[in-house]
2 protein chains.
Amino acid sequence: MATRTDAPTRREQILKEAARLFAERGFHGVGVDEIGAAVGISGPGLYRHFAGKDAMLAELLVGISGQLLTGGKRRVAEEDGDPGALLDSLIEGHIDFALDDRDLITLHDRELDRLRDSDRKLVRQLQRQYVELWVAALREVYPGLVEQEARMAVHAVFGLLNSTPHLGRTSSLPGRGATARMLHKLARGAFAAAAAPVSPDGSPE
Amino acid sequence: MATRTDAPTRREQILKEAARLFAERGFHGVGVDEIGAAVGISGPGLYRHFAGKDAMLAELLVGISGQLLTGGKRRVAEEDGDPGALLDSLIEGHIDFALDDRDLITLHDRELDRLRDSDRKLVRQLQRQYVELWVAALREVYPGLVEQEARMAVHAVFGLLNSTPHLGRTSSLPGRGATARMLHKLARGAFAAAAAPVSPDGSPE
DNA sequence: GAGTTCGGTTAACGCTCATTAACATTTTCG
DNA sequence: CGAAAATGTTAATGAGCGTTAACCGAACTC
């Protein structure tokens with residue numbers, strides 16, 4: 001049970017830099033020499049730590065999906081009976097992740113196809129479980145939602161929350177706290193609308 | 001002024017297939033031979049129509065941004081005084097695009113970095129104009145929104161609407177119409193929440 | 001303190017792949 | 001018709017890049 005202060009091992013440094021570079025220029029857009037240079041060693045030295053470039057990507061993507069799922073499960077386990085609070089907790093966790101590890105979020109839905117079949121299957125399975133967590137939580141709050149609707153809403157809200165990488169180009173963000181609060185509001189609003197039975201705002205069509 | 005029924009020229013075929021392939025496997029993941037094969041010619045025959053692979057991507061991305069902006073401007077021009085209707089019209093237009101040209105939507109925020117500086121600047125500028133269209137329309141409906149908030153909400157809703165490519169893996173969609181309606185509802189709900197002054201749903205924190 | 005492991009280095013290999021060359025065929029049209 | 005443009009073809013080129021080979025010093029370890 002030691003994940004913190006075990007020293008940022010070389011492996012971890014590499015993964016972190018690789019994530020940043022992959023997110024910036026895409027998996028194929030980054031050479032191993034670059035990744036090596038980013039951690040002070042150069043080129044093939046990476047092969048002392050990873051089987052290959054693919055292995056780095058795989059470990060990153062599996063790691064992301066795993067972390068998201070683990071965090072989600074923890075929050076579900078901590079539920080105290082208030083479904084709304086659980087949904088808020090899930091949203092908050094996802095926002096934290098999207099804001100803190102925006103590189104990984106970017107990778108997550110950009111480079112999945114580059115994985116070996118088995119790895120991709122694993123990642124997809126973790127993703128699916130994570131989605132189902134949300135779907136269950138959402139339907140707890142809005143029992144009127146049928147499963148398919150709920151799933152679609154969850155996917156859409158993921159898209160909303162994961163939009164943070166696209167910000168920052170346009171204008172400097174209004175501070176992390178305010179950003180998080182705004183995203184939370186937006187997500188909640190979308191969910192509420194999903195559950196509204198008919199004509200969401202007044203326009204009959 | 002002839003864009004339709006001028007025959008689907010070779011150029012257009014190529015662009016269409018290239019878009020599909022790029023969206024599926026990424027710009028670097030697709031070879032020119034593959035693109036050629038997709039339209040019946042093979043390999044370097046493409047160079048009779050495009051200066052290079054980069055040029056195809058550039059034309060695609062500029063085209064997308066341009067189409068979005070043009071469509072948005074048209075809808076703004078057709079405004080009849082009802083700000084809510086304009087916002088709905090913009091949403092509807094974007095959803096149509098996201099559902100009909102999901103390949104292009106995918107490309108749009110995945111491969112922008114591969115462009116030459118000048119092209120990327122152009123695309124960004126078109127994007128920015130499109131965003132500003134939305135921001136203005138949104139603030140017309142919700143005057144309480146400050147510009148920065150509105151811009152963030154718009155970006156987030158783009159993320160939401162552009163999430164459609166991620167669907168379809170999980171479960172068969174419930175039909176195009178229903179999908180469009182649902183996305184519309186979600187977008188409207190998010191916007192409404194953005195404008196809500198405080199504590200969106202009841203949780204005080 | 002000798003030997004093994006660890007973590008690195010540089011040089012070389014080999015493959016993929018965009019691009020160009022050289023050449024052929026059809027279409028246009030004066 | 002006949003020349004020139006248009007549209008392809010295949011073969012060659014050349015750069016980039018992931019990976020492997022061969023080699024080396026430091027750090028443990030018995």
Side-chain angles (χ1 to χ4, degrees), chain A residues 2 6-62 107 110-120, chain B residues 2 6-62 107 110-120:
Chain A
D6 255 17
T9 173
R10 208 6 84 89
R11 255 185 97 80
E12 290 168 343
Q13 291 179 43
I14 295 172
L15 282 177
K16 185 176 168 187
E17 293 305 307
R20 185 177 55 79
L21 290 168
F22 288 161
E24 269 175 17
R25 297 206 286 289
F27 180 68
H28 288 290
V30 178
V32 287
D33 291 355
E34 259 174 307
I35 303 174
V39 298
I41 77 183
S42 251
L46 297 171
Y47 286 74
R48 298 291 170 198
H49 304 274
F50 293 93
K53 203 180 155 196
D54 298 353
M56 298 181 212
L57 182 63
E59 190 157 328
L60 281 172
L61 292 184
V62 172
L107 275 190
R110 187 175 289 195
E111 310 279 6
L112 185 57
D113 318 322
R114 274 60 157 182
L115 258 49
R116 284 185 12 239
D117 261 32
S118 66
D119 289 324
R120 191 172 50 246
Chain B
D6 254 16
T9 171
R10 211 2 90 88
R11 254 185 99 81
E12 289 168 345
Q13 290 179 44
I14 294 172
L15 282 177
K16 185 176 168 188
E17 293 304 308
R20 186 177 55 79
L21 290 168
F22 288 162
E24 270 174 18
R25 296 206 285 288
F27 180 67
H28 289 290
V30 178
V32 288
D33 289 357
E34 260 175 305
I35 303 174
V39 298
I41 77 184
S42 254
L46 296 171
Y47 285 74
R48 299 292 170 196
H49 303 273
F50 293 93
K53 204 180 152 194
D54 298 354
M56 297 181 213
L57 182 63
E59 191 158 327
L60 280 173
L61 291 184
V62 173
L107 274 190
R110 187 175 287 196
E111 311 280 5
L112 185 58
D113 319 321
R114 274 61 157 182
L115 257 51
R116 282 182 18 238
D117 261 33
S118 67
D119 289 324
R120 191 173 49 247

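For clarity, every value in this text was computed on a predicted model and none was experimentally measured. Heavy-atom basis, side chains included; hydrogens, waters and symmetry copies ignored. Within every chain, numbering begins at 1; the chains are lettered A, B, ... in the order of the sequence lines, protein sequences first and strands thereafter.
Taking the 5' to 3' direction, DNA chain D first and last meets chain A under 4.0 angstrom from a heavy atom at dG18(D) to dC23(D).
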Enumerate all atom pairs, one protein N or O and one N or O from nucleotides 12-18 of chain C, separated by less than 3.5 Å.
{"residue": "dA18(C)", "atom": "OP1", "partner": "V30(B)", "partner atom": "O", "Å": "3.2"}
{"residue": "dA18(C)", "atom": "OP1", "partner": "K53(B)", "partner atom": "NZ", "Å": "2.8"}
{"residue": "dA18(C)", "atom": "OP2", "partner": "V32(B)", "partner atom": "N", "Å": "2.8"}

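Every residue two or more places apart in sequence or in another chain that forms a side-chain contact (heavy atoms from CB on, under 4.5 Å) with A38(B) is listed here: E17(B), R20(B), L21(B). Every residue was checked against the salt bridge (charged side-chain N to carboxylate O under 4.0 Å, His left out) condition with R10(B), not counting sequence neighbours, and none meets it.
Taking every heavy atom of residues 36-43 of chain B and every atom of DNA chain C, no pair lies under 4.0 Å.
Pairs of residues two or more places apart, or lying in two chains, that qualify as side chain to side chain donor-acceptor pair (under 3.5 Å) and include a residue from residues 45-62 of chain A are R11(A)-E59(A). For residues 16-43 of chain A, the set of pairs meeting the ring-ring contact (aromatic ring centres under 6.0 Å, His included) definition, not counting sequence neighbours, comprises F22(A)-F27(A).
Closest approach of A18(A) to I35(A), counting heavy atoms only: CB-CG2, 4.1 Å.
In this structure, CZ of R10(A) is placed 14 Å from C1' of dT9(C), rounded to the nearest angstrom. Per the geometry, CZ belonging to F50(B) stands 16 Å off C1' belonging to dT19(C), to the nearest Å. Between H49(A) atom NE2 and dT5(C) atom C1' the separation is 13 Å, expressed in whole Å.
Taken from CG in L46(B) to CD1 in I41(B), the straight-line distance is 4.5 Å, to the nearest 0.5 Å. Separating the CG atom in L107(B) from the CG atom in L61(B) is a distance of 6.0 Å, to the nearest 0.5 Å. Interatomic distance, CE of M56(A) versus CG of L15(A), reported as 8.0 Å (0.5 Å rounding).
Contact of the L112(B) side chain with the R120(B) side chain is registered, since non-hydrogen atoms from C-beta on lie closer than 4.5 Å. When side chains are defined from C-beta on, E111(B) does not count as touching L60(B), because their heavy atoms never get closer than 4.5 Å.
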